[in-house]
Amino acid sequence: MSAKKVKVRFAPSPTGDLHVGNIRTALFDWAYARHTGGTFLFRIEDTDTTRVTDEYIQAAIDTLKWLGLQWDEGPEVGGPNGPYLQSQRLDIYAEWAQKFLDQKDAYHCYCSPEELEAVREEQRKANVAPGYNGHCRELTADQIAAFKAQGREGVVRMRMPDGTTTFVDEIRGEVTFDHKFVPDFVLVRADGSPLYTLAVAVDDILMGVTHVLRGEDLLSSTPRQIRVYQAMGVPLADYPAFAHLPFVMGQDNAKLSKRNGEVSIAWYREQGYLPEAICNYLALLGWSPGDDRENISMKELTELFTVEKVHSSPARFDMKKLEAINGDKIRALSVEDFAHWTIPFLKKSGVIQGTDAEIALVKQALPLIQERIVKLDEAPQLLKFLFVKEFAIDSDAVSKVNDESAQSILKRAQSELEQLSTWNHESIEAALRTSLIEEMGLKPRIAFTALRIATTGSTISPPLFESMELLGKQACLSRISLALSL
RNA sequence: GGCCCCGUCGUCUAGCGGCCUAGGACUCUGGCUUCUCAAGCCAGCUACGCGGGUUCGAAUCCCGUCGGGGCUACCA
């Protein structure tokens with residue numbers, strides 16, 4: 001390996017929102033660039049104008065930003081090899097296609113889609129490798145004129161010479177493809193627009209990419225990229241190194257689907273997953289630091305990540321493990337950071353408007369729930385009792401406070417709390433333990449459940465005494481008397 | 001069908017010929033703790049796809065087989 005400075009690219013084709021597989025690739029690309037002190041290049045492969053949309057492109061950009069995968073070259077930040085949207089580089093591809101044509105490395109093919117399909121159909125029937133049969137490889141000027149007279153527009157097709165292509169995949173080792181199974185492929189559509197096969201190879205070379213880390217679905221297209229390098233006259237030493245990352249699959253068997261995880265990153269955001277948790281979890285899919293470490297920060301990832309440690313076998317996406325890591329990351333947050341992440345969820349759910357007084361109370365309450373939630377979207381439910389204007393006990397909990405024993409507990413608690421001069425969780429707990437547990441001889445679970453429901457409205461809440469302290473004496477007493485009136 | 005890639009607990013993985021009666025994590029089960037829910041702590045369940053080799057010795061090397069996946073587009 002040369003001492004050339006590493007340049008890694010992430011080059012998605014935004015035909016939809018980026019899913020976890022894409023993001024894992026982006027993460028590895030980024031981590032490798034950072035690990036080697038190289039450049040992380042972000043390129044948009046939007047040559048398929050029928051499937052890529054501006055919205056998806058913008059979403060991809062936003063997603064990388066949200067995850068903290070900052071790129072050194074690419075959309076918005078620019079760079080010496082721009083533009084970084086392939087749709088803005090059409091003239092470059094056209095030039096190279098013409099050069100390949102002039103060199104006879106490529107040729108015009110006038111076969112219609114129907115004709116090609118018919119050929120493939122026959123090949124399948126004959127149990128022969130399907131693929132272009134070279135029909136238009138050696139057309140004469142007359143034949144070309146005849147096709148044009150029919151109104152046919154040709155595509156530009158790359159000539160695959162006999163032989164084999166062997167390359168070293170940094171993850172899988174040496175891989176060889178016989179050209180018998182790599183048919184002449186199309187570089188330019190009949191309408192003159194370039195295809196991935198052309199654009200990806202040209203751009204990787206022109207942009208000085210040294211390492212291509214991408215999904216293993218592209219493994220078998222590598223010989224075609226190499227063929228383009230050859231036609232471009234690129235010396236072997238300047239070919240990028242290839243590393244094909246294993247798939248991230250869904251719970252059951254194959255590809256990810258909406259049901260098991262292939263949803264836009266926006267979904268994870270709305271659910272309250274932290275970017276760091278997503279990256280940490282995804283880093284562990286197809287890679288491991290080699291020891292038992294599983295809690296890995298972004299910084300540690302850049303220090304530890306090497307391609308040698310990437311697996312060759314696919315990994316299944318497991319939401320449960322992601323949740324566990326997210327919970328760990330939430331618990332590790334400082335109160336300030338936890339507030340920063342949580343407040344938007346409280347606002348969005350309408351629990352708070354965002355006033356200074358509300359924020360101050362939220363910050364006091366957050367430590368009570370920090371170790372109780374796995375995702376940020378659970379916060380509103382746990383804290384809403386502190387902010388509701390019109391308090392009401394959950395319908396499924398009412399029956400647990402309107403019976404005789406609960407009422408007697410609440411009555412006693414009410415009189416004890418009314419007399420309390422100092423209102424904090426220590427004094428509240430002391431008073432209630434003395435009266436309810438010691439004097440009335442109640443089980444803590446019984447006594448405090450009644451109070452929990454009366455004051456927070458739910459059978460599940462943050463710790464009771466701390467909750468009551470934050471709620472305030474007035475509110476507690478009025479809620480208890482409300483429960484007493486049931 | 002053809003070509004290519006892959007194969008350790010349910011899942012993610014450690015393991016790169018002896019340290020493996022296979023370790024860790026998540027999940028699950030049971031217990032402890034306990035004002036609910038969590039968190040925390042302890043314990044338990046469960047794996048080298050199969051069959052041949054090579055070797056004193058194989059999860060680790062080789063072959064075959066089975067299974068999974070990808071590609072086979074004027075998608076990427």
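Per chain, numbering begins at 1; letters A, B, ... match sequence-line order.
Residue-level contact check: Val155(A) touches the bases, meaning some heavy atom is under 4.0 Å from a base atom. Among the atoms of the strands shown, none is found under 4.0 Å from any heavy atom of Leu451(A). Counting any heavy atom pair closer than 4.0 Å across all strands shown, Pro462(A) reaches a base atom. Across all strands shown, Leu195(A) has heavy atoms under 4.0 Å from sugar-phosphate atoms exclusively, and none from any base. Counting non-hydrogen atoms under 4.0 angstrom, Phe465(A) reaches a base of the nucleic acid. Within 4.0 Å (heavy atoms only), Gly215(A) reaches no atom of the nucleic acid at all. Within 4.0 Å (heavy atoms only), Arg124(A) reaches no atom of the nucleic acid at all. At the heavy-atom level, Pro463(A) lies under 4.0 Å from base atoms of the strands shown. Residue Ala190(A) is in base contact, counting any heavy-atom pair closer than 4.0 Å across all strands shown. Using a 4.0 Å heavy-atom cutoff across all strands shown, Ser312(A) reaches sugar-phosphate atoms only and no base atom. The residue Arg224(A) sits close to a base: some heavy atom pair falls under 4.0 Å. Within the 4.0 angstrom heavy-atom criterion, no nucleotide atom of any strand lies near Gly327(A).
A 4.5 Å side-chain heavy-atom check between Asn280(A) and Asn295(A) finds at least one atom pair inside the cut-off.
With hydrogens and angles disregarded, no donor-acceptor distance shorter than 3.5 Å links the side chain of Ser458(A) to the backbone of Ser461(A). Of the possible donor and acceptor atoms, one in the side chain of Asn326(A) sits under 3.5 Å from a partner among the backbone N and O of Val374(A). One N or O on the side chain of Arg157(A) and one on the backbone of Asp184(A) form a donor-acceptor pair closer than 3.5 Å.
The side chain of Leu116(A) approaches rC74(B) more closely than any other nucleotide in the set rC12(B), rC74(B), rC4(B). Picking from rC74(B), rU13(B), rA25(B) the nucleotide with the shortest atom distance to the side chain of Val186(A) gives rC74(B). Of the listed nucleotides (rC3(B), rC6(B), rG24(B)), rC3(B) has the atom at the smallest distance from the side chain of Phe181(A). In the set rU36(B), rA76(B), rU27(B), rA76(B) carries the atom at the smallest distance from any side-chain atom of Ser13(A). Comparing atom distances between the Phe448(A) side chain and each of rC4(B), rC35(B), rC37(B) picks out rC35(B) as nearest. Minimum atom distance to the side chain of Val175(A) is reached by rC4(B), of the listed rC4(B), rC26(B), rC74(B). Considering only side-chain atoms of Phe177(A), the nucleotide from rU36(B), rC4(B), rA76(B) that sits closest is rC4(B).
Considering only side-chain N and O atoms, Lys309(A) lies under 4.0 angstrom from the phosphate OP1 or OP2 of rG15(B). For Ser288(A), a side-chain nitrogen or oxygen approaches OP1 or OP2 of rA14(B) to under 4.0 Å. Contact check, His311(A) against rC6(B): no side-chain N or O comes under 4.0 Å of OP1 or OP2. At the phosphate of rA76(B), OP1 or OP2 sits under 4.0 Å from a side-chain N or O atom of Thr47(A). When the side-chain nitrogen and oxygen atoms of Arg433(A) are compared with OP1 and OP2 of rC35(B), one or more of them lie within a distance under 4.0 Å. Using a 4.0 Å cut-off, some side-chain N or O of Arg120(A) falls inside it from OP1 or OP2 of rA73(B). Phosphate contact (OP1/OP2 of rC75(B), side-chain N/O of Arg189(A), threshold under 4.0 Å): present. For the OP1/OP2 pair of rA25(B) and a distance below 4.0 Å, the side-chain nitrogens and oxygens of Arg293(A) include no atom meeting the criterion.
With hydrogens and angles ignored, no donor-acceptor pair closer than 3.5 Å exists between the side chain of Gln123(A) and the base of rG2(B). With hydrogens and angles ignored, no donor-acceptor pair closer than 3.5 Å exists between the side chain of Arg172(A) and the base of rC5(B).
At whole-Å resolution of the value, CG in Asp178(A) and P in rC3(B) are 10 Å apart. Taking atom CZ of Phe385(A) as the reference point, atom C1' of rC37(B) lies 13 Å away to the nearest angstrom.
Residues Pro314(A) and Trp287(A) both approach RNA chain B. Their nearest nucleotides, taken by heavy-atom distance, put Pro314(A) toward the 5′ side.
Aromatic ring pairs are classed by plane angle as parallel below 30°, tilted from 30° to 60° and perpendicular above 60°; the pair Phe305(A) and Tyr32(A) is perpendicular.
Aromatic ring centroids of Phe28(A) and Phe10(A) lie 6.0 Å or more apart. Taking the centre of each ring, Phe448(A) and Phe465(A) come in below the 6.0 Å mark.
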